[in-house]
*Asks:* 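Have a look at the structure that comes next, please.
Along the sequence shown, residues carry numbers from 1.
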Amino acid sequence: MISTLVSMCNDRMLPHLRRFVAIRDAVAPGLSLTLVPFDEDMAGVRGFIAGKDGISVMEPDPDFDRIGQRIYGEEEYRPGIKSWRYFRKLNAFAVEAEHFVFADLNAILLADPRAFLNPDPDDDAIIFGTRSILTRTLPLPEVRHTVDILLQGGGQGFNTALFAARPGFLSKAVATEIGREHLRGIFGKAPEQGFLSFYSAVCGKRACTLWELPEGLSDIRNPSKVAVSVRDRHLYVDEGPMRGRRLVVGKHVGQDIVGLPQAIADFLRAANPAVDWDGI
């Protein structure tokens, strides 16, 4: 199975990229990494990956930019950052591979992400890590109800911090056709999350989540929630004092791994002791 790992970055995310590459080398050696530029600020990223095997920067397709710009205009996701730029995640569907896994650079992947892939090459499905927060994807109850009819469970929307699919899952022509200005009225703050949920429903695709966030743990950025390995489409800790415990994926926001559960920090150091994890 030819597969690749995809992420989106710019120079502001360079510290996360350094750690992300080190983690990839520890848990998935040999897996290629394709980077999608979030913006034009990429000089530091290109310098960092120069000479590194298996890491490349793809040119973002302007058609995906235009879809986001039509729907979100000049709206800002946060001060100084345009919402439409998050549609660049859709470039993952244009990679030259049979399957791909997209992961945000601040996602913690402690197992080979190829474990998330569906082995059936004819399965027209997208697999998400978790569902999203209602207000961030499809906040209107009537929209969620309609999407649920078309795609069971799709009305809650899906989080795009981690997802896997075949590149052919998304048709750029169809995405361009349905990506019109009026959709802004039904999407929440997270641009690409609402769009992919809506696209999956109206195009008759199949979407599923590998796991659900436990009650009371709705913030996926909580660093205590980490993915270690996948068995039977569930996540388990394989090493350390939490061995056998089922967990969900986590994200880290800081510039080091301080604050992660000690079992996870120990796992990283054991997987690749040559890396100065405290110094990344």
*Asks:* Return yes when atom CD of Glu96 has more than 12 non-hydrogen atoms of other residues, nucleotides or ligands closer than 6.0 Å, and no otherwise.
*Replies:* no
*Asks:* Does Phe64 form a ring-ring contact (aromatic ring centres under 6.0 Å, His included) with Phe87? I'd like the steps, not just the answer.
*Replies:* CA-CA 6 Å; Phe64 291 131; Phe87 274 75; 8.9 Å; no
*Asks:* What is the distance from atom CD of Glu74 to atom NZ of Lys82, rounded to the nearest 0.5 Å?
*Replies:* 4.0 Å
*Asks:* State, with a plain yes or no, whether a side-chain heavy atom of Tyr86 is found less than 4.5 Å away from one of Tyr72.
*Replies:* no
*Asks:* Are Leu35 and Met58 side-chain neighbours, meaning at least one heavy-atom pair lies under 4.5 Å?
*Replies:* no
*Asks:* Does NZ or CZ of Lys205 lie under 6.0 Å from the centre of the six-membered ring of Phe169, at an angle within 45° of the ring axis?
*Replies:* yes
*Asks:* Side-chain contact test, heavy atoms from C-beta onward, threshold under 4.5 Å: evaluate it for Arg24 versus Ile55 and give yes or no.
*Replies:* yes
*Asks:* In the structure I gave you, are the side-chain heavy atoms of Ile126 and Phe158 within less than 4.5 Å of one another anywhere?
*Replies:* no
*Asks:* Give, for atom CD of Gln69 and atom CH2 of Trp84, the distance between the pair rounded to the nearest 0.5 Å.
*Replies:* 4.5 Å
*Asks:* Determine the sole option in Leu105, Val101, Val36, Thr34 for which the side-chain contact (heavy atoms from CB on, under 4.5 Å) test with Ser7 is passed.
*Replies:* Leu105
*Asks:* If you count heavy atoms of other groups shown closer than 6.0 angstrom to CD of Gln152, is the number above 12?
*Replies:* no
*Asks:* Restricting to non-hydrogen atoms, name the atom on Phe100 and the atom on Phe102 that form the minimum distance, rounded to 0.1 Å.
*Replies:* CD1-N, 3.8 Å
*Asks:* First locate atom OH of Tyr199, then atom CG of Leu183, and finally report the distance between them rounded to the nearest 0.5 Å.
*Replies:* 13.5 Å
*Asks:* When rounded to the nearest 0.5 angstrom, what distance separates CD1 in Ile71 from OG in Ser83?
*Replies:* 11.0 Å
*Asks:* Restricting to non-hydrogen atoms, name the atom on Ser32 and the atom on Ser3 that form the minimum distance, rounded to 0.1 Å.
*Replies:* OG-O, 3.7 Å
*Asks:* Which heavy atom of Ser197 sits nearest a heavy atom of Leu138, and at what distance?
*Replies:* CB-CD1, 4.3 Å
*Asks:* For a quick test of reading the model, state the closest non-hydrogen atom pair linking Ala103 to Leu5 and the distance between them.
*Replies:* CB-CD1, 4.3 Å
*Asks:* Working to the nearest 0.5 angstrom, can you tell me the gap between Leu196 CG and Leu170 CG?
*Replies:* 6.5 Å
*Asks:* Quick one, Glu177 and Val174 - any side-chain contact, counting heavy atoms below 4.5 Å?
*Replies:* no
*Asks:* When you compare the side chain of Phe48 with that of Val21, does any pair of heavy atoms fall below 4.5 Å?
*Replies:* yes
*Asks:* Taking only residues two or more places apart in sequence, or in another chain, which ones meet Ala201 in a side chain to side chain contact (heavy atoms under 4.5 Å, CB included)?
*Replies:* Val147, Leu150, Leu151
*Asks:* Can you tell me if Asn10 and Asp39 form a side-chain donor-acceptor pair at under 3.5 Å?
*Replies:* yes
*Asks:* Does the Glu76 side chain pair with the main chain of Gly80, one donor and one acceptor, at a distance under 3.5 Å?
*Replies:* yes
*Asks:* Could you list the residues that satisfy side chain to side chain contact (heavy atoms under 4.5 Å, CB included) with Glu40, not counting sequence neighbours?
*Replies:* Arg85, Arg88
*Asks:* Side-chain heavy atoms under 4.5 angstrom apart, residues restricted to Ile, Leu, Val, Met, Phe, Trp, Tyr: same cluster for Ile178 and Ile149?
*Replies:* no
*Asks:* Does NZ or CZ of Lys189 come closer than 6.0 Å to the centre of the six-membered ring of Tyr77, within 45° of the ring's axis?
*Replies:* yes
*Asks:* Does the side chain of Val6 reach to within under 4.5 Å of the side chain of Phe93, using non-hydrogen atoms?
*Replies:* no
*Asks:* Salt bridge (Lys or Arg N to Asp or Glu O under 4.0 Å) between Lys89 and Glu192: does it pass, once the steps are laid out?
*Replies:* CA-CA 7 Å; Lys89 284 190 180 184; Glu192 79 291 354; 3.4 Å; yes
*Asks:* Taking side chain to side chain contact (heavy atoms under 4.5 Å, CB included) as the test, write out the residues that go with Gln193, two or more places apart.
*Replies:* Ser132, Arg136, Thr137, Asn159, Thr160, Ala190
*Asks:* Can you measure from CG (Asn91) to CG (Asp61) and round to the nearest 0.5 angstrom?
*Replies:* 6.0 Å
*Asks:* Heavy atoms, side chains only, cut-off 4.5 Å: are Arg70 and Arg180 in contact?
*Replies:* yes
